[in-house]
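Here's the structure, in structure tokens; my notes come after.
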Amino acid sequence: MMITCFGKARMSGKLRKRDSSSSSPPRNWTSRDDNAEEGSKIIFFGGRNHPFDLDDLLSSSAEALGKGAFGTTYKVTTEDMSTVVVKRLKQVMVGRREFEQQMEIIGMIRHENVAELKAYYYSKDDKLAVYSYFSQGSLFQMLHGNRGMYDRVPLDWDARLRIATGAARGLAKIHEGNNGRFIHGNIKSSNIFLDSQSYGCIGDIGLTTIMRSLPQTTCISSGYHAPEITDTRRSTQSSDVYSFGVVLLELLTGKSPASPAVEHGGENMDLASWIRNVVAKDWTGEVFDMEILSESGGGVEEEMVEMLQIGLACVSVKQQERPHIAQVVKLIEDIRPTDPTE
Ligand SMILES: Nc1ncnc2c1ncn2[C@@H]1O[C@H](COP(=O)(O)OP(=O)(O)OP(=O)(O)O)[C@@H](O)[C@H]1O
């Protein structure tokens with residue numbers, strides 16, 4: 001199936017657009033001159049040896065992984081069997097120059113806990129970002145996908161600790177970017193993946209500031225955005241820390257912040273408020289995901305309570321009370337000073 005209906009999720013096809021005239025040969029984006037501005041070519045990072053070019057990419061088989069707020073994400077396998085993720089960005093609010101500048105900053109961020117931006121493409125019609133593909137899926141899928149079904153691998157405490165440790169290190173690296181001013185703007189479990197050592201790895205870096213702002217209602221219902229954020233393009237490092245705190249709470253409770261607000265005591269409240277409420281009543285043990293305890297054996301509760309305190313500090317309503325991400329990394333590493341894989 002070709003891309004003509006690529007608004008639909010979970011379909012296969014090719015990224016190249018179908019030519020409207022069935023008798024003419026398929027057009028190649030690189031040679032298309034009706035809409036593409038001069039100089040529109042795919043820009044790669046990381047050396048000269050590229051396993052594919054734009055034409056290979058567009059003619060490769062593509063599977064839609066899902067449609068996010070800013071466009072559709074495809075898994076693309078090129079002829080030489082390289083698999084990458086291509087994001088076709090639909091809501092870019094900046095011109096070519098600013099887009100390229102942002103992509104160049106993202107491309108410079110290289111860290112084992114940050115998903116690599118491999119390449120980008122800008123033309124009037126299309127803006128693409130090419131990332132590494134993570135075959136195990138996102139943390140969101142790992143936590144909430146098919147609970148109780150045979151194909152979901154339960155996550156014990158060590159696995160969750162590794163994910164939190166890696167993701168915190170990745171976010172700290174991102175905040176070091178652009179002379180310490182870079183922000184992510186969209187930290188959530190569907191943008192966290194696993195690296196080869198099963199540590200968390202942050203994806204979808206730095207797109208928020210160049211895209212249209214999400215509506216306020218979407219921000220509130222997502223459950224990840226800090227309360228002070230009214231325009232997602234104006235996210236801050238402190239709002240990233242808030243979102244990261246929500247991910248920590250999600251890891252501990254197994255509850256999705258995006259699901260309808262947690263029902264507690266007759267009131268609907270978001271995940272952070274519900275946890276604050278339960279902890280204030282000294283019922284801390286009640287918030288934890290039962291799966292952690294059943295999968296991990298004994299002796300992990302103390303570490304979970306420490307992580308809960310870190311998560312709650314991150315989701316402080318007052319920005320000045322949230323820790324810096326470097327402090328968060330240190331606090332998480334101190335939970336278990338030895339490597340959690342050992
Ligand atoms: N590099 C990747 N490797 C594997 N899966 C990915 C990758 N990037 C995104 N995905 C998955 O593809 C799906 C769609 O992602 P997309 O980023 O478009 O939407 P989202 O994460 O749901 O929302 P948002 O647009 O706010 O980030 C999600 O399930 C996401 O976890």
Side-chain angles (χ1 to χ4, degrees), residues 6-12 15 45 57 62-78 82-93 106-107 109-120 126-146 152 163 166-167 170-171 174 183-196 198-226 229 231-233 235 239-240 243-244 246-247 250 256-259:
F6 75 65
K8 286 185 190 159
R10 303 272 165 232
M11 49 138 243
S12 303
L15 277 173
F45 295 101
L57 198 64
E63 178 196 339
L65 292 175
K67 199 169 180 175
F70 306 127
T72 307
T73 300
Y74 298 89
K75 173 187 170 191
V76 178
T77 307
T78 57
S82 311
T83 301
V84 290
V85 155
V86 180
K87 289 195 146 228
R88 179 169 258 158
L89 305 169
K90 281 290 175 209
Q91 310 282 350
V92 175
M93 292 297 286
I106 300 170
I109 300 174
R110 287 283 184 263
H111 190 266
E112 58 202 10
N113 303 114
V114 178
E116 183 186 336
L117 176 68
K118 290 176 171 292
Y120 67 88
D126 271 299
K127 284 95 189 151
L128 307 177
V130 182
Y131 294 95
S132 334
Y133 170 67
F134 294 92
S135 58
Q136 295 184 70
S138 70
L139 174 60
F140 182 89
Q141 288 154 344
M142 286 171 213
L143 280 174
H144 313 298
N146 292 334
R152 183 179 168 275
I163 293 169
L171 184 56
I174 291 166
I183 54 151
H184 185 286
N186 197 15
I187 295 288
K188 55 184 185 173
S189 59
S190 68
N191 286 336
I192 295 178
F193 304 94
L194 259 56
D195 73 5
S196 55
S198 299
Y199 280 74
C201 188
I202 307 252
D204 245 13
I205 330 163
L207 296 179
T208 314
T209 49
I210 58 171
M211 312 299 275
R212 183 177 57 80
S213 177
L214 293 179
Q216 189 68 25
T217 45
T218 311
C219 288
I220 294 168
S221 62
S222 86
Y224 291 98
H225 289 279
I229 295 299
D231 180 338
T232 44
R233 287 169 303 179
S235 299
S239 66
D240 273 352
S243 307
F244 183 73
V246 177
V247 172
E250 187 176 359
S256 165
S259 57

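By convention here, the first residue in the shown sequence is residue 1. None of the values given here were measured: they were computed from a predicted structure. One-based numbering, in listed order, for ligands and for the atoms of each.
Counting heavy atoms under 4.0 Å from ligand 1, residue Ser132 touches it through the backbone alone. Only the side chain of Val85 comes within 4.0 Å of ligand 1, judged by heavy-atom distances. Contact annotation for Thr72 and ligand 1: no heavy atom of the residue comes within less than 4.0 Å of the ligand.
Val84 places none of its side-chain heavy atoms less than 4.5 Å from the side chain of Tyr133. In this structure the side chain of Met93 never reaches within 4.5 angstrom of the side chain of Ile210, judged on heavy atoms. His144 is listed as a side-chain neighbour of Glu250, based on a closest heavy-atom distance under 4.5 Å. Between Arg88 and Tyr74 the shortest side-chain heavy-atom distance falls below 4.5 Å. Annotation: side chain of Asn191 is not in contact with side chain of Ile202 (no heavy-atom distance under 4.5 Å).
Contact atoms of ligand 1 toward Thr73: 9 (C), 12 (O), 14 (C), 15 (O), 16 (P), 17 (O), 18 (O) (distance under 4.0 Å to a heavy atom of the residue). Atom numbering of ligand 1 starts at 1 in the shown order; those under 4.0 Å from a heavy atom of Gln141 are 29 (O). Close approach of ligand 1 to Gly68 is summarised as follows: ligand atoms under 4.0 Å from at least one heavy atom of the residue are 18 (O), 19 (O), 23 (O), 25 (O). Close contacts of ligand 1 with Ser138, meaning ligand atoms under 4.0 Å from a residue heavy atom, involve 31 (O). Residue Asp204 approaches ligand 1 through these ligand atoms, each under 4.0 Å from one of its heavy atoms: 17 (O), 27 (O).
For Gly203, the heavy-atom gap to ligand 1 stays at 4.0 angstrom or more. Ligand 1 lies within reach of Lys87, whose nearest heavy atom is under 4.0 Å from it.
In this structure Tyr120 satisfies the ring-ring contact (aromatic ring centres under 6.0 Å, His included) test together with Phe45, sequence neighbours excluded.
Listed by first and then second residue, the salt bridge (Lys or Arg N to Asp or Glu O under 4.0 Å) pairs that reach into residues 199-217 are Lys87-Asp204, sequence neighbours excluded.
At under 3.5 Å, a nitrogen or oxygen of Asn186, whether backbone or side chain, sits near a nitrogen or oxygen of ligand 1.
Between Thr208 and Asn186, the side chains place no donor N or O within less than 3.5 Å of an acceptor N or O (distance only, hydrogens not considered). Residues Ser189 and Tyr224 bring a donor and an acceptor atom of their side chains to less than 3.5 Å of each other.
The closest heavy-atom contact to atom 10 (N) of ligand 1, among the options Tyr133, Tyr131, Phe193, Tyr224, comes from Phe193. Atom 26 (O) of ligand 1 has its nearest heavy-atom neighbour, among Lys188, Glu116, Arg88, Lys75, in Lys188. The residue from Phe134, Tyr74, Phe70, Phe140 that puts a heavy atom closest to atom 4 (C) of ligand 1 is Phe134.
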